[in-house]
Amino acid sequence: MNTVEDSSLGHEVAYPSHYDAGLLFPIPRAAGRAEIGLLDTALPFIGHDRWHAYEISWLDARGKPCVATATFAVPCTSPNLIESKSLKLYLNSLNAERFNSDEALRERIALDLSVRAGADVAVAFGLPEMERIEGGETIDAQDLEIDDYGPPNPEYLSSDSAHIAEEALVSHLLKSNCPVTGQPDWASLVLAYRGPRIERAGLLRYLVSFRDHAGFHEQCVERIFRDVLEYCRPQSLSVEARYTRRGGLDINPWRATPGSDVPEAVRELRQ
């Protein structure tokens with residue numbers, strides 16, 4: 001089984017001088033899900049991991065450099081996630097490779113990512129529009145004293161069954177750390193639900209308790225989804241985290257109860 005210790009993450013590596021799909025490093029989702037009691041055979045959510053790539057370059061058939069941005073969507077049902085540093089190295093390996101057309105490059109990237117993820121990965125050139133998160137209530141302005149920064153503590157979560165709500169709550173205070181390098185990962189979180197009204201102070205304390213937590217983006221979002229579903233008992237739930245970019249990539253994991261509408265693909269202003 002591939003583990004992060006086997007990857008290039010946290011190690012000095014040479015800048016790739018030629019195309020190499022072998023640079024892509026898949027990490028099985030099963031291990032991270034087992035830590036929070038989830039089984040791949042009975043996932044309580046649907047979703048995807050949407051990547052935005054800002055620094056793609058290659059050569060056309062006559063050797064002239066080309067540049068583009070792109071959006072990748074990895075289904076949450078894929079057996080593997082793609083480790084982020086390996087994706088950066090892979091994209092850099094395209095810099096000196098010649099392609100007859102933009103479409104030929106897009107197809108190559110889609111095939112390589114799909115093979116490593118173990119499921120079809122959608123690839124499109126271009127990025128979604130950038131905008132502020134709208135339609136949700138920001139919970140960050142609450143006057144709270146907080147001194148718990150980890151590990152993630154779902155005991156803060158609660159809801160009021162006497163009041164049923166349908167709303168979206170937003171926080172820009174989600175932070176976690178890379179489980180290998182310790183580098184900080186920053187995100188804006190959108191939590192939309194229908195059901196017993198979620199207590200906002202507890203939700204904010206819970207999100208802040210990820211501040212010193214070491215976990216991949218995708219694993220953090222799945223943990224948040226699982227904990228809110230268990231402790232707040234919503235009838236429907238959607239959790240999306242829009243992480244800021246590192247190394248020309250940002251990732252936006254989304255998990256939701258089956259039947260939920262796919263959120264519009266946008267970039268938050270911090271991205």
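In this structure, Y193 has no ring-ring contact (aromatic ring centres under 6.0 Å, His included) partners at least two apart in sequence or on a different chain. In this structure F45 satisfies the ring-ring contact (aromatic ring centres under 6.0 Å, His included) test together with F225, sequence neighbours excluded. Residues passing the side-chain hydrogen bond (donor to acceptor under 3.5 Å, both in side chains) test with R116, sequence neighbours excluded: none. Evaluation of the side-chain hydrogen bond (donor to acceptor under 3.5 Å, both in side chains) rule for Y54 yields D250 as partners, not counting sequence neighbours.
Side-chain contact check for L229 versus P234: some heavy-atom pair is nearer than 4.5 Å. Using a 4.5 Å heavy-atom threshold, the side chains of P253 and F216 count as separate. With contacts defined as side-chain heavy-atom distances shorter than 4.5 Å, the pair C220/Y243 qualifies. Annotation: side chain of Y231 is in contact with side chain of E155 (closest heavy-atom distance under 4.5 Å). By the 4.5 Å heavy-atom criterion applied to side chains, L23 and N92 are not counted as neighbours. Put simply, the side chain of I224 reaches to within 4.5 Å of the side chain of L174, judged on heavy atoms.
Atoms CG and CZ, from N177 and F210 in turn, are 12.0 Å apart once rounded to the nearest 0.5 Å. Note: E137 CD to L191 CG = 12.0 Å, rounded to the nearest 0.5 Å. Here the CD-CD distance, from E268 to E240, works out to 10.5 Å after rounding to the nearest 0.5 Å. Taking CZ of R205 as the start and CD1 of I139 as the end, the distance is 11.5 Å to the nearest 0.5 Å. Summarising the geometry, atom CD1 belonging to I198 is positioned 12.5 Å from atom CZ belonging to R233; distances are rounded to the nearest 0.5 Å. Here the CD atom belonging to Q219 is positioned 9.0 Å from the CZ atom belonging to R33, to the nearest 0.5 angstrom.
The main-chain N or O of L173 is found under 3.5 Å from a side-chain atom of S171 such that the two form a donor-acceptor pair. R245 places a side-chain N or O within donor-acceptor distance of the main-chain N or O of Q271, the cut-off being under 3.5 Å. Listed for the T69 side chain is no donor-acceptor partner under 3.5 Å among the backbone atoms of A53. When atom types are taken as modelled, the side chain of R267 and the backbone of P128 share a donor-acceptor pair closer than 3.5 angstrom. No donor-acceptor distance shorter than 3.5 angstrom exists from the side chain of R211 to the backbone of P151, with no hydrogens or angles considered. Put simply, the side chain of R223 never gets that close to the backbone of G32: no donor and acceptor are under 3.5 Å apart. Of the possible polar contacts, none joining the R98 side chain to the L59 backbone as a donor-acceptor pair under 3.5 Å is found. In this structure, the side chain of Q142 engages the main chain of R200 through a donor-acceptor pair within 3.5 Å. Formation of a donor-acceptor pair under 3.5 Å by the E83 side chain with backbone atoms of F25 is not found in this model. Although no hydrogens or angles enter the test, the distance criterion places a donor-acceptor pair under 3.5 Å between the side chain of T71 and the main chain of G126.
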I'd like to know whether H217 forms a side chain to side chain contact (heavy atoms under 4.5 Å, CB included) with S84, so could you lay out the CA-CA distance, the side-chain angles of the two residues, the decisive distance to 0.1 Å, and finally the verdict. CA-CA 10 Å; H217 304 43; S84 60; 5.9 Å; no
Test L157 against L203 for side chain to side chain contact (heavy atoms under 4.5 Å, CB included), laying out the working first. CA-CA 6 Å; L157 295 169; L203 177 60; 3.8 Å; yes
Residue pair R50, H48: steps toward the side chain to side chain contact (heavy atoms under 4.5 Å, CB included) verdict: CA-CA 6 Å; R50 190 179 73 251; H48 58 232; 4.0 Å; yes
Criterion side chain to side chain contact (heavy atoms under 4.5 Å, CB included) on E55 and L91, from CA distance to verdict: CA-CA 8 Å; E55 302 168 2; L91 293 176; over 6 Å; no
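Between R255 and D49, at least one side-chain N (NZ, or NE/NH1/NH2) sits under 4.0 Å from a carboxylate O, which counts as a salt bridge.
A donor and an acceptor atom, one from each side chain of R29 and S78, are located under 3.5 Å apart. Using a 3.5 Å distance cut-off with no hydrogens or angles, the side chains of R270 and S188 do pair a donor with an acceptor.
Contact between N80 and P28 at its shortest, heavy atoms only, is OD1-CA, 3.4 Å. The minimum heavy-atom distance between C232 and S159, with the atom names listed, is O-OG, 3.0 Å. Pairing each heavy atom of Y90 with each of R108, the nearest pair is OH-O, 3.9 Å. Nearest heavy-atom pair across V170 and G136 is CG2-CA, 4.0 Å. Nearest heavy atom pair, residue A73 against residue P75, reads O-CD, 3.8 Å. Shown here for S176 and G215, the closest heavy-atom pair between the two residues is OG-O, 4.1 Å.
Taking Ile, Leu, Val, Met, Phe, Trp and Tyr as hydrophobic and joining them when side-chain heavy atoms fall under 4.5 Å apart, one finds W254 in a cluster with I46, V262.
Each of V121 and L127 belongs to its own hydrophobic cluster when Ile, Leu, Val, Met, Phe, Trp and Tyr are linked at side-chain heavy-atom distances under 4.5 angstrom. Grouping the Ile, Leu, Val, Met, Phe, Trp and Tyr side chains by contacts below 4.5 angstrom, directly or via other members, places L111 apart from F125. Put simply, V221 and V266 are part of two different groups of oily side chains (I, L, V, M, F, W, Y) that touch within less than 4.5 Å, one to the next. L105 is connected to L249 through a chain of hydrophobic side-chain contacts under 4.5 Å among Ile, Leu, Val, Met, Phe, Trp and Tyr, so both are in one cluster. Hydrophobic clustering, with ILVMFWY side chains joined whenever heavy atoms are under 4.5 angstrom apart, groups I36 together with Y206.
Of the residues listed (L87, I82, I251), the one engaging F72 in a side chain to side chain contact (heavy atoms under 4.5 Å, CB included) is L87, and it is the only one.
No more than 12 heavy atoms of other residues, nucleotides or ligands lie within 6.0 Å of CD in E129, so this atom counts as exposed by the packing criterion. Crowding of D148 atom CG: a count of heavy atoms from other residues, nucleotides or ligands under 6.0 Å exceeding 12.
Counting only residues at least two apart or in different chains, side chain to side chain donor-acceptor pair (under 3.5 Å) contacts with residues 18-27 comprise Y19-D112.
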